[in-house]
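Each residue takes its place number in the sequence, starting with 1. Whatever order the structure lists ligands and atoms in, that order sets their numbers, starting from 1.
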Amino acid sequence: MNKNLELANIFQKMAIYLKMDDVPFKPEAYQKAALGLQTISENVEDIYKKQGKEGLLSIPGVGESLADKIIEYLKTGKIKEFEQQKKKIPVNLDELMLVEGIGPKTIKALYEHLKIKNLEDLEKAAHEGKIRNLENFGEKSEKNILEAIEFLKRSKGRFLISEALMVVDKIIQELKKLKEVEKISLAGSLRRRKETIGDIDLLVTVKKNYPNGAKKIMDVFTNLEGIIKVWDYGLTKSSVRFDLGIDADLRVVEDYEFGAALQYFTGSKEHNIVLRKIALEKGLKLNEYGLFKGRKRIAGETEEEIYQTLGFAYIEPELRENTGEIEAALNNQLPKIIGYNEIKGDLHCHSNWDGGENSIEEMIEAARERGYQYLGISDHTKFLRIENGLNEKQLLAQRKVIEKLNSKFQSKKFKILQGCEANILNDGSLDIEDKVLSQLDYVIAGVHSRMKMTKEEMTERIIRAIKNPNVNIISHPTGRLINRRDEYQIDFDKILKAAKEYQVALEINSFPDRLDLNDKNIRKAVAMGVKMIINTDSHHKNQLRFIEFGIAQARRGWAEKKDIINSWEIEKILAFFEKKMNYSRHRKSLMNWLR
Ligand code: DGT
Ligand code: CA
Ligand code: CA
């Protein structure tokens, strides 16, 4: 932290201490000075060196007495009054002030009566029911405190990519309105499309001929709606927290260094470390400002230029985790990972037949708007009563409806497939009769009940479903819910082997809180030649757009078109399904013959 921010931080805390004692006006003066210190671009130390106290008085919000305090701090590293305040009420203000609904006077009361100094103390006291007995507190406020702490804890964790994107979309929307802004790009884990996001990283360049452009951009950024805290204000970097609890970093750079900054701030850290090492071995230096030979910049305007000058093929952000991509790039063996526009249809969609939000027709319309060539309706089946699962009779009735719809689309080159998402029961059998399953275009099977089983049991259960001649796809194969539920216990290698042998595709579920398979599992499947399918599991037509999260996950798992069956033409995907059935039937008859 530079001295400006250190002082701003101290003044903010002094304001809080003053408020504890109901001192009038002074707290506001401290807060104003803190803000002034945060928003000036010159260093307070330099100002004092060059212009003395006069210079300090020119900082917005700084008057006589606060200028003296600044001088005291620059000279001694301390402010006496602040030290005394801390001694009197030695609490962790950074932690406690973050708790929604708690202010200076509450903090004081909690310390004086219950010796609460930090978040941990606060949580313990609330759990033990000690807070409700204090004057001006009650059971309700105790409950609120616990809820606020829960929220804080959650926000310390990682966010779903969909949550981060929701916030980032709003930021970008506002920044785009500024005439000062030239380029905007995501960076960090969000650009690498990691399945969870620690914080948002954004990079912006300023248009030429706007000398104060960076300031304007940062002023707008740090004042966006929904911001609950400005951690850091600067002309090259600012950091804020949004009310969802998620932080965002914005960096502003010059156009000529955009590529270098983007490369650096996209990471991952591990990827960058190896890249820098390779640069050094070539007698070059790589940092966020460019690639240098001695003092001469030899690349930095674009990322491509940097990778190229280092002797690499361009590495897509989703691959930059130092898990072999650098070696592959050096040897020209990078996979040609699947593109965001290469999905031709979605085969895991629910309609209003099973309680989904939209009719089959509405789902079709949405799929056609996306430019898909086919859509598969795969409603839940009867075991799932809460989801209005379809029984055999209803499935056959739906088949007729879908055939009729298909005749409408014949000239338009669009095909509706009928599948279903059957339930894998405890013993691995399905809840729909085989003779009905065999009449559908394809069958998805998934575990929706009794998720806690031993590893052997669960593995056997899923493999039995894979062996069913009618099953073509296993939906959400690990069953995890990100941040909420762990995977089932399964022997994934065994499942991969069975999927390969019986020609069953494993689903990459695009729902942002599922995203199973994860990147590592996908890479294993790719290596073994197991086919996968990227589906959304949509229960509403607007959820079809989630496909981008599934594609991102596939890219992170190094999957190519050949690995993802719904990037194929309809004929090829149907042949894939058919072959499974024939193969299995063939096996069965062979078995009969052997007997
Ligand atoms: P996250 O936020 O935990 O989801 O993950 P990232 O990758 O977004 O990490 P973050 O936000 O801490 O930093 C963004 C990028 O900045 C990171 O991917 C690489 C770069 N970076 C940050 N700190 C360092 C560092 O200490 N060394 C190097 N080489 N790069 C760093
Ligand atoms: Ca980040
Ligand atoms: Ca960051």
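Closest approach between the Ca ion (ligand 3) and any N/O/S atom of D201 involves OD1. Distances from the Ca ion (ligand 3) to each N, O or S atom of D249 single out OD2 as the nearest.
From the protein, the heavy atom lying nearest to atom 3 (O) of ligand 1 is R158 NH1, 3.0 Å. Ranking the protein heavy atoms by distance from atom 12 (O) of ligand 1 puts D199 OD1, 4.8 Å first. Closest protein heavy atom to atom 6 (P) of ligand 1: S189 N, 3.7 Å. Atom 24 (C) of ligand 1 has as its closest protein heavy atom K269 CD, 3.9 Å.
In terms of polar-atom proximity, I273 is not counted as a contact of ligand 1, lacking any N or O under 3.5 Å from an N or O of the ligand. At under 3.5 Å, a nitrogen or oxygen of D201, whether backbone or side chain, sits near a nitrogen or oxygen of ligand 1. An N or O contact shorter than 3.5 Å is missing between T196 and ligand 1 by distance.
In summary, D519 and R523 do not engage in a salt bridge, as defined by a charged side-chain N under 4.0 Å from a carboxylate O. In this structure, D247 does not pair ionically with K229, as no charged nitrogen and carboxylate oxygen lie closer than 4.0 Å. Between R480 and E195 there is a salt bridge, since at least one side-chain N of the basic residue sits less than 4.0 Å from a carboxylate O of the acidic one. The pair K194-E321 does not count as a salt bridge, with every side-chain nitrogen at least 4.0 angstrom from each carboxylate oxygen. Between E45 and K49 there is no salt bridge, since none of the side-chain N atoms of the basic residue sits less than 4.0 Å from a carboxylate O of the acidic one. Electrostatic pairing of K170 and E225 does not count as a salt bridge here, judged by no charged N lying under 4.0 Å from a carboxylate O. Ion pair K237/E288 not flagged as a salt bridge, since none of the NZ, NE, NH1 or NH2 atoms sits closer than 4.0 Å to an Asp/Glu carboxylate oxygen.
Between E120 atom CD and N92 atom CG the span is 11.0 Å, to the nearest 0.5 Å. For the atom pair CG of L506 and CG of D563, the computed distance is 11.5 Å after rounding to the nearest 0.5 Å.
Ligand 1 places these atoms under 4.0 Å from at least one heavy atom of I197: 4 (O). Every atom of ligand 1 with a heavy atom of F265 under 4.0 Å away is listed here by number and element: 14 (C), 15 (C), 16 (O). Using a 4.0 Å cut-off to heavy atoms of R276, the atoms of ligand 1 that qualify are 29 (N). Interface of Y264 with ligand 1, defined as ligand atoms under 4.0 Å from a residue heavy atom, comprises 16 (O), 19 (C), 20 (C), 27 (N), 28 (C), 30 (N), 31 (C). Here is the list of ligand 1 atoms found below 4.0 Å of a heavy atom in G188: 8 (O).
Counting only heavy atoms, the protein gets under 4.0 Å from atom 28 (C) of ligand 1.
Donor-acceptor pairing under 3.5 Å is recorded for the side chains of D537 and H348. A donor and an acceptor atom, one from each side chain of H350 and Q543, are nowhere located under 3.5 Å apart.
Residue-level proximity to ligand 1 for K194 is absent, since no heavy atom of it falls below 4.0 angstrom. At a 4.0 Å heavy-atom cut-off, ligand 1 does not touch D249 at all.
Atom 17 (C) of ligand 1 has its nearest heavy-atom neighbour, among G267, A261, A248, G198, in G267. Here the shortest heavy-atom distance to atom 7 (O) of ligand 1, taken over R251, R191, R192, Q263, belongs to R192.
Taking 3.0 Å as the criterion, D247 does not count as a coordinating residue of the Ca ion (ligand 3), since none of its N, O or S atoms falls below it.
Using cut-offs of 30° and 60° on the angle between ring planes, the pair F546 and F511 is perpendicular.
Geometrically, K216 does not engage Y210 in a cation-pi contact defined by less than 6.0 Å to the ring centre and at most 45° from the axis.
Contact between T266 and ligand 1 is present, with at least one heavy atom of the residue lying under 4.0 Å from the ligand.
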